[in-house]
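Working notes, beginning with the structure itself.
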Amino acid sequence: MYRFYLAIRYLVTRPINLLGMLGITLSVWALVVVVSLFSGFMVVIEEHVRETSADVAVTNLPLWADANKLGRALTDDPNVAATAPRLVHFGLLHEAGKRPPPPPLPGRSALHGGDQPFLFVYGVDPAQERQVSAFDAWLTSEEIPAAMRVADPSRPFATANDRAQVLVGLERMKREGLARGDELVLTTGIRRGGEGRGEFQQVAIELEIAGAFKTRHGGFDGNILFMGIGELGRRLAASDEPGPAEPSPTPGTGNEPAQGQQRVQEIAIRLHDPTAVDDTARRLQEAVFRTLQRRHYGYGLVETWRARNADFLGSIEHQRWLLKIVLFVILVIAAFLMLATLSMMVTEKTGDIGILTSMGGTPGGVTMTFLACGLTVTALGVALGIATGTVTSIYLEEIRQFLIWATGVDLFPLDVYNLDRVPCNIDGWWLLQVTGMAFGTGLLASALPAWRAARHDPLISLRGN
Amino acid sequence: MTSPVLTARCVHKSYRLGKTEIPVLRGVDLEVQSGEIVALLGASGAGKSTLLHVLGLLDPPSEGEILYDGRSVHGLSIRERARLRHDHTGFVFQFYHLIPELTALQNVLLAGMMTDSVLRYWSRRQEAKKAATALLERVGLGDRLKHRPAELSGGERQRVAIARALLAEPRVILADEPTGNLDSNTAEGVIELMFELQRERDAAFVLVTHDEGLAVRANRIIRLRDGVVVG
Ligand SMILES: Nc1ncnc2c1ncn2[C@@H]1O[C@H](COP(=O)(O)OP(=O)(O)OP(=O)(O)O)[C@@H](O)[C@H]1O
Ligand SMILES: [Mg+2]
């Protein structure tokens, strides 16, 4: 009993120990708030990324693949709800007769793929695409001003002239001052010629802007150009073909590309049950390999949306790790603060150790007394930190509003991320981990002074001063 | 006849300073009977405090043994020895050694908490408080319960220390120059009180002192010289 009793009395008569407690509170608070905020962002970003990627995609299909046969094989799977073919190419977007704008300096928007002239061109079939993604919603987003809207969202690539109709991301349209009906050129290239000695040939595709699209994933909007899949296939084929630069299938398997068949590079798939995405992807991979009858050169790889964006999502996860490490260092510093105040206290209280021993105390008891001091400080600090941290996280949006109202400063510019409130994801497991880490460091920081106290010879103080 | 409450048999104690051994006690034999007052006299550095610490199990003897109620304490664990120290002996020191963060009452109460678990103490906290208050009233500090040591005079502090030493109702009180820090009037009062309490409780009393006048009031005088008992 005396251990806790003394520990408490020692603490309440020494307000300096509040310092150690506040240090722990502050670091725990930061660990909770910052990580919750960042996790919230991650959830949102993941959502946005997911929205622009189909649940599963068969990628890197060879020219000779029979898209119709593949499509049938895929829809045979019970979990496949819909499929859509895509043709993926690339190019530089610029006005006719002018050079493309120079690439931007490295920076935030460059990292997000915002400002660069280089683009991916997605050839899609609107009727099928809207079965696997929110394609319709992207064209009809309320944020798109009238002058940039697609005239007929059900047939976005319909054209009255011979220019290929394209959809451009809204932000890029605004930034480059584009509007519906503007004419541009996409400069790209295609590998031509056969049997492994391919030669790169420049191709210029004349475009007309059919309208803007708007997803919530800025990186996607900035990097993608939509075009009708048939149109893109034709434009590329005109300068290409018949092109078995790619390995031919085993002769006699009946796998040669059918004459006049649409070129397909990717098949996007929507699932009935997206939670079973990994199992389904495994089954689909088998089905694709069976249909292609060959496994080689990485053709026909089935990738889940998460795997496709693994680099991007992984880099964010990595940032969260760094953040956690930095914040943990703050916790360690707070523990040092506590160690300093506790050490001071032990030095001051060695005089009491003699009398405690004479009354029936043991070195173990003395250790516990000072350990209890440290653990009490830690426990209070952690409790306060978790509580304030959780409350702060929950009311982050209100706090932001208040700060805007009081100081005019917006700490989280939400529109950058297409959000309507500050995201926050409080993870119980993380709170538990923080508590554990704080107690671990707290214990280490109190163990040292406590151990020193126990080693103190009680007779020294009893012999008088 | 019952065994003496406290026995020292051929106790040796030496301290090691670097490579040299400094012998302090060189074979002390001593028996203290229940209810007896023993005065321990000797020049400064004779080893009086050392002997008291050895008798109170604060310091193990280098050789020889200590017996409580005729039973050897040799071979007891740290915990068992601490327990015995708590139950069997009460210490009073020259410099009081009160805990400055605690009030007079809390200082006395602390002695009652030493061997109790939190739960056990909690269940008997009222009794404990009553006993501590009664003891403080007995030593004349009924109106000083809530005072911190810094707010008490030397004599009052020593009275608190005496109350603390008596709370666990020890069989032996070991006092190391309890009046060494007090003026003669106050000292007289404190000594009077200690003798009274000792008689009331029939405890044995080992009193280390430099004061011959005080020593003669004891039942027995033991003189230490160069680590051995003389006369
Ligand atoms: N830890 C120690 N290490 C070395 N020598 C010690 C130690 N403790 C005590 N001594 C020595 O033991 C001897 C006896 O000391 P002790 O305190 O028992 O004397 P004392 O009789 O109580 O003297 P005083 O009347 O001044 O209190 C002294 O010479 C002292 O220097
Ligand atoms: Mg002494």
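- Residue B:Y15 places its OH atom among more than 12 non-hydrogen atoms of other residues, nucleotides or ligands, all under 6.0 Å distant.
- Interface residue B:L102: only side-chain heavy atoms are found under 4.5 Å from chain A.
- There is no side-chain donor-acceptor pair under 3.5 Å between A:S39 and A:W430.
- Only the side chain of B:R148 comes within contact range of chain A, with heavy atoms under 4.5 Å apart.
- Judged by distance alone, the side chain of B:R85 and the main-chain N or O of A:G361 form a donor-acceptor pair under 3.5 Å.
- No side-chain N or O of A:R452 forms a donor-acceptor pair with one of A:T350 less than 3.5 Å apart.
- Most heavy-atom pairs under 4.5 Å with chain A: of the set B:T89, B:L58, B:D116, this distinction falls to B:L58.
- Using bins of under 30°, 30° to 60° and over 60° for the plane-to-plane angle, the ring pair B:F93/B:H53 lands in the tilted bin.
- Each of A:L6, A:T362, A:D457, A:D352 has some count of heavy-atom pairs under 4.5 Å with chain B, and the biggest count is that of A:D352.
- Within the 4.5 angstrom heavy-atom criterion, only side-chain atoms of A:R14, from C-beta onward, approach chain B.
- Residue contact with chain B, scored on non-hydrogen atoms closer than 4.5 Å, involves the backbone and the side chain of A:T357 alike.
- Contact count versus chain A (heavy atoms, under 4.5 Å) is highest, among B:Q106, B:H86, B:R164, B:E101, for B:E101.
- Residue A:F4 places its CZ atom among 12 or fewer non-hydrogen atoms of other residues, nucleotides or ligands, all under 6.0 Å distant.
- Looking at A:L356, both its backbone and its side chain come within 4.5 Å of chain B, counting heavy atoms on both sides.
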